[in-house]
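Right, one structure below, let's go through it.
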Amino acid sequence: MKNSANYPMRKHQRGFSLIELLIVMIILGLLASLVGPRLFGHVDDARVSTAKSQIELLGTALDSYRLDVGRYPTTEQGLDALRREPSGVRNWNGPYLNRNIPKDPWGNEYQYKSPGDHGEYDLWSYGADGEPGGEGDSAEVRSWEN
């Protein structure tokens, strides 16, 4: 038997009603719908910033390659020449990157062309959609625009 001294009964003790819980859930849902898109907008900005940083890192590695070899890798050799010595290349002193060539933040390969249309080389990402053109996070991130 329970001792009433240990468990006193309260006459006016009550929990939350179903209506009160529903109101709180609706308020939380409204807050999430207002705050959520702003947070996801920052994720897209972070991906673009990451792509710009990776392009700069790859550009530095390409410059090191050029200092050793005397020219940038050809389009056919591609960015892989930064990790593995291409055949017929003299004075290659790589690898010029400690890790494998990164994919862009959207999981696609970076595009490389040498000689480029905008400089000695062009290096770019097609953005979120992986296609030329686009706007917002689907816009291209380009080495000649950094």
Side-chain angles (χ1 to χ4, degrees), residues 1-69 71-86 92-146:
M1 231 171 141
K2 294 183 181 178
N3 186 345
S4 62
N6 292 337
Y7 302 101
M9 295 278 294
R10 296 185 184 170
K11 291 182 182 181
H12 300 289
Q13 182 180 13
R14 39 181 276 219
F16 294 108
S17 71
L18 181 59
I19 299 291
E20 291 169 328
L21 289 174
L22 286 174
I23 290 172
V24 168
M25 289 174 54
I26 289 171
I27 291 171
L28 289 175
L30 287 172
L31 286 173
S33 68
L34 293 173
V35 173
R38 290 184 184 188
L39 291 177
F40 289 119
H42 292 297
V43 170
D44 293 336
D45 292 343
R47 286 185 176 157
V48 170
S49 294
T50 299
K52 288 179 180 180
S53 296
Q54 287 178 333
I55 285 174
E56 286 183 34
L57 172 74
L58 291 169
T60 301
L62 286 165
D63 291 340
S64 296
Y65 179 99
R66 184 179 146 267
L67 286 173
D68 288 344
V69 175
R71 62 172 176 76
Y72 289 104
T74 64
T75 302
E76 293 76 29
Q77 292 168 332
L79 296 174
D80 194 47
L82 299 173
R83 292 283 301 151
R84 292 181 201 87
E85 182 175 2
W92 189 87
N93 196 23
Y96 298 95
L97 292 172
N98 293 334
R99 297 186 177 147
N100 290 334
I101 308 298
K103 292 192 176 194
D104 71 12
W106 301 278
N108 302 313
E109 301 289 332
Y110 281 102
Q111 306 300 308
Y112 174 76
K113 181 179 179 184
S114 179
D117 298 327
H118 305 280
E120 294 187 67
Y121 68 87
D122 292 347
L123 181 60
W124 71 97
S125 165
Y126 282 128
D129 63 0
E131 300 290 328
E135 296 178 8
D137 67 330
S138 293
E140 295 174 7
V141 180
R142 304 171 177 141
S143 62
W144 59 93
E145 293 177 351
N146 283 342

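Between the R142 side chain and the D122 main chain, no donor and acceptor come within less than 3.5 Å of each other. Checking side-chain atoms of S138 against main-chain N and O of G133 turns up no donor-acceptor pair under 3.5 Å. Looking only at distances, no side-chain donor or acceptor of Q77 sits under 3.5 Å from a matching main-chain atom of T75. Checking side-chain atoms of S114 against main-chain N and O of G116 turns up no donor-acceptor pair under 3.5 Å.
The line from CD of E85 to CG of N93 is 9.5 Å long, rounded to the nearest 0.5 Å. Note: L62 CG to L57 CG = 9.5 Å, rounded to the nearest 0.5 Å. In this structure, CG on L58 lies 7.0 Å from CG on L82, to the nearest 0.5 angstrom. Interatomic distance, K113 NZ to E76 CD, rounded to the nearest 0.5 Å: 11.0 Å.
Counting all heavy atoms, side chain and backbone alike, L97 lies closest to A61 at CD2-CB, 3.7 Å. Taking every heavy atom of both residues into account, Y65 and Y72 meet most closely at CE2-C, 3.8 Å. Summarising the geometry of A81 relative to P86, their closest heavy-atom pair is CB-CG, 3.6 Å, with the distance given to 0.1 Å. Nearest heavy-atom pair, I55 versus L123, reported as atom, atom and distance to 0.1 Å: O-CD2, 3.8 Å. For Y110 against A51, the heavy-atom pair with the smallest separation is OH-CA, 3.5 Å. Listed here is the closest heavy atom pair of P73 and Y112: O-OH, 2.6 Å.
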Does I26 form a side chain to side chain contact (heavy atoms under 4.5 Å, CB included) with L30? I'd like the steps, not just the answer. CA-CA 6 Å; I26 289 171; L30 287 172; 4.2 Å; yes

Under the side chain to side chain contact (heavy atoms under 4.5 Å, CB included) criterion, do W106 and V48 qualify, and how do the steps go? CA-CA 9 Å; W106 301 278; V48 170; 4.2 Å; yes

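Paired with Y126 under the rule side chain to side chain contact (heavy atoms under 4.5 Å, CB included), one option of E131, E140, E109 passes, and it is E140.
When the shell of 6.0 Å around CG of D117 is examined, it contains more than 12 heavy atoms from other residues, nucleotides or ligands.
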